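Here is the structure we will look at.
Not measured: the values here are computed from a predicted model. What's counted below: heavy atoms across the whole structure, side chains too, no hydrogens, waters or symmetry copies.
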Amino acid sequence: VLYVDNTFYLFGGIGYNGKTDTIYVSKDAKDWMYYGVLPSLNTKNTSNQFSVAYFNNKFWLVGLDMNSNFSIWNSADAKIWNLNSPGTSWVNNGRNITDKNEASLYVFKSKLWLIEDTIPDIWSTSDGISWTYESSPAVLTNNISPGRREYTIPFVYNNKVWIVGGRTINGISNNKNKDVYSSIDGKNWIQVTNNASFTSKYRLWSLNIGFKNKIWTIGGNSDTFGAVLKDEWYSSDGLNWIKETFNNNPPNILLNRMG
């Protein structure tokens, strides 16, 4: 979800009926209206493997194109999308930004940042075209190398970048997590907690955002695929979490999607 010009934008994800490439908009986060579809990604197999951010007055999207090449798109209105770069460039220091299936975008310190799931490698750009390799923090894979962290998206809160939960993999082992990490510079990361107080056993594919001086984690998936979470938690420090209560159930258009 992005909040741009007094409008919420909800992009794709995975719902009860499988993956979706639809875009919805809302002025109040309660009533949602169909807006359009994602660009020509490889949606049959990988519509959940994309990420969107708003930077320099444009929407930016990374994901696999129809030929399964890792590509980046931009749009002024989230309706008409332009392919910004082919999936064969962005090589720096022997690292190739385009040979991964999944990556996440976020805006931090006047730059657009990208974190890949498989190393994880972190990159940044000031224009969306020229990318700089920043770091490969081993702490995000529980100091397992080589390793990967997936099924979670970084977000910004209180002048830091945060990651909540996800899954770590190192070839053989597959560890689902409900840990929390933060970074003050986008490069170096610390673990805030390795066992947040969510009632679910794990926290995967949740919507994680900073809003009204709190960190929020909404919905997602627990320890088995299909065990969709219908809860919201918030925290002011990433360490102590409180479950939100509702007079009515949270809107299904948000909670019936993961990622």
>> Any heavy-atom pair between the side chains of Leu140 and Ile163 that's under 4.5 Å?
In response: yes
>> Quiz question: by atom type and distance under 3.5 Å, do the side chains of Thr193 and Asn195 form a donor-acceptor pair?
In response: no
> Are any of the side-chain heavy atoms of Phe11 and Leu2 separated by less than 4.5 Å?
Replying inline: yes
>> Using ring centroids (six-membered ring only for Trp), state whether Trp32 and Tyr24 fall under 6.0 Å.
In response: no
> Quick one: does Thr168's side chain get under 4.5 Å of Asn177's, heavy atoms only?
Replying inline: yes
> Checking side-chain contact (heavy atoms from CB on, under 4.5 Å) for the pair Thr132/Trp123: CA distance, chi angles, key distance, verdict?
Replying inline: CA-CA 5 Å; Thr132 301; Trp123 303 70; 5.9 Å; no
> Can you tell me if CD1 on Ile184 sees more than 12 non-hydrogen neighbours from other groups inside 6.0 Å?
Replying inline: no
> How many angstroms lie between atom OG of Ser104 and atom CZ of Phe155, to the nearest 0.5 angstrom?
Replying inline: 12.0 Å
> Do the side chains of Ile23 and Met33 join up, straight or via other hydrophobic residues, at under 4.5 Å, putting them in one cluster?
Replying inline: yes
> Do you reckon Phe198 sits in the same ILVMFWY cluster as Tyr234, going by side-chain contacts under 4.5 Å, direct or chained?
Replying inline: no
> Which heavy-atom pair separates Leu112 from Ala53 by the least distance, and what is that distance?
Replying inline: CD1-CB, 3.9 Å
> Can you name the closest pair of heavy atoms from Ser51 and Ala103 and give their distance?
Replying inline: CB-O, 3.3 Å
>> Tell me whether Asp5 at atom CG has more than 12 heavy atoms from other residues, nucleotides or ligands lying less than 6.0 Å away.
In response: no
> Is any side-chain heavy atom of Leu38 closer than 4.5 Å to a side-chain heavy atom of Leu61?
Replying inline: yes
>> Is a donor from one side chain sitting under 3.5 angstrom from an acceptor on the other, for Asp31 and Ser26?
In response: no
> Do Val161 and Tyr181 have side-chain heavy atoms sitting under 4.5 Å apart?
Replying inline: no
> Which distance, rounded to the nearest 0.5 Å, do you find between the OG of Ser197 and the NZ of Lys178?
Replying inline: 7.5 Å
> Hey, quick one: are Leu83 and Phe59 part of the same hydrophobic cluster, counting side-chain heavy atoms closer than 4.5 Å, chains of contacts allowed?
Replying inline: yes
> Stepwise, does the side-chain contact (heavy atoms from CB on, under 4.5 Å) test hold for Val52 with Trp60?
Replying inline: CA-CA 5 Å; Val52 186; Trp60 295 83; over 6 Å; no
>> On a heavy-atom basis, which atom in Gly128 and which in Ile72 lie closest, and how many Å separate them?
In response: O-CD1, 4.3 Å
> Does Phe8 belong to the same Ile/Leu/Val/Met/Phe/Trp/Tyr cluster as Tyr34, with side-chain heavy atoms less than 4.5 Å apart forming each link?
Replying inline: yes
> Applying the side-chain contact (heavy atoms from CB on, under 4.5 Å) test to Pro137, which of Ile190, Ile122, Asp121 qualifies?
Replying inline: Ile122
> Taking all atoms of both residues into account, what is the closest heavy-atom pair of Ile115 and Pro154, and its distance?
Replying inline: CG2-CG, 3.4 Å
> Same hydrophobic cluster for Ile215 and Val192, using side-chain heavy-atom links shorter than 4.5 Å among ILVMFWY?
Replying inline: yes
> Where do Trp216 and Glu244 come nearest, in terms of heavy atoms and distance?
Replying inline: CH2-OE2, 3.5 Å
> Just wondering, do Tyr35 and Tyr9 contact through their side chains at under 4.5 Å, heavy atoms?
Replying inline: yes
>> Let me confirm one number: the CG-CD distance from Leu207 to Glu232, rounded to the nearest 0.5 Å.
In response: 8.5 Å
> Hey, what's the ring geometry for Tyr106 with Phe108, parallel, tilted or perpendicular (30° and 60° as the breaks)?
Replying inline: tilted
> Under the side-chain contact (heavy atoms from CB on, under 4.5 Å) criterion, do Asp179 and Gln191 qualify, and how do the steps go?
Replying inline: CA-CA 8 Å; Asp179 46 8; Gln191 186 180 77; 4.3 Å; yes
> Could you give the distance from NZ (Lys58) to CG (Asn82), rounded to the nearest 0.5 Å?
Replying inline: 7.0 Å
> If you measure from the Lys or Arg side-chain nitrogens to the Asp or Glu carboxylate oxygens, is any gap between Asp231 and Arg203 under 4.0 Å?
Replying inline: yes
> Under the 3.5 angstrom rule, does the side chain of Ser206 hit a backbone N or O of Asn208 as a donor-acceptor pair?
Replying inline: no
> Of the non-hydrogen atoms in Trp81 and Val37, which two are nearest, and what is the gap between them?
Replying inline: NE1-O, 4.0 Å
>> Out of the candidates Asp127, Val107, Asn74, Leu105, only one should pair with Phe55 under the side-chain contact (heavy atoms from CB on, under 4.5 Å) rule; please name it.
In response: Val107
> With ring centroids as reference points, do Tyr157 and Phe211 lie under 6.0 angstrom apart?
Replying inline: no
> Just by distance, with hydrogens left out, do Ser235 and Asp237 show a side-chain donor and acceptor under 3.5 Å apart?
Replying inline: yes
> Would you say the side-chain atoms of Lys111 and Thr125 include a donor-acceptor pair closer than 3.5 Å?
Replying inline: no
>> Less than 4.5 Å apart, side chain to side chain, heavy atoms only: is that true for Asn213 and Asn158?
In response: no
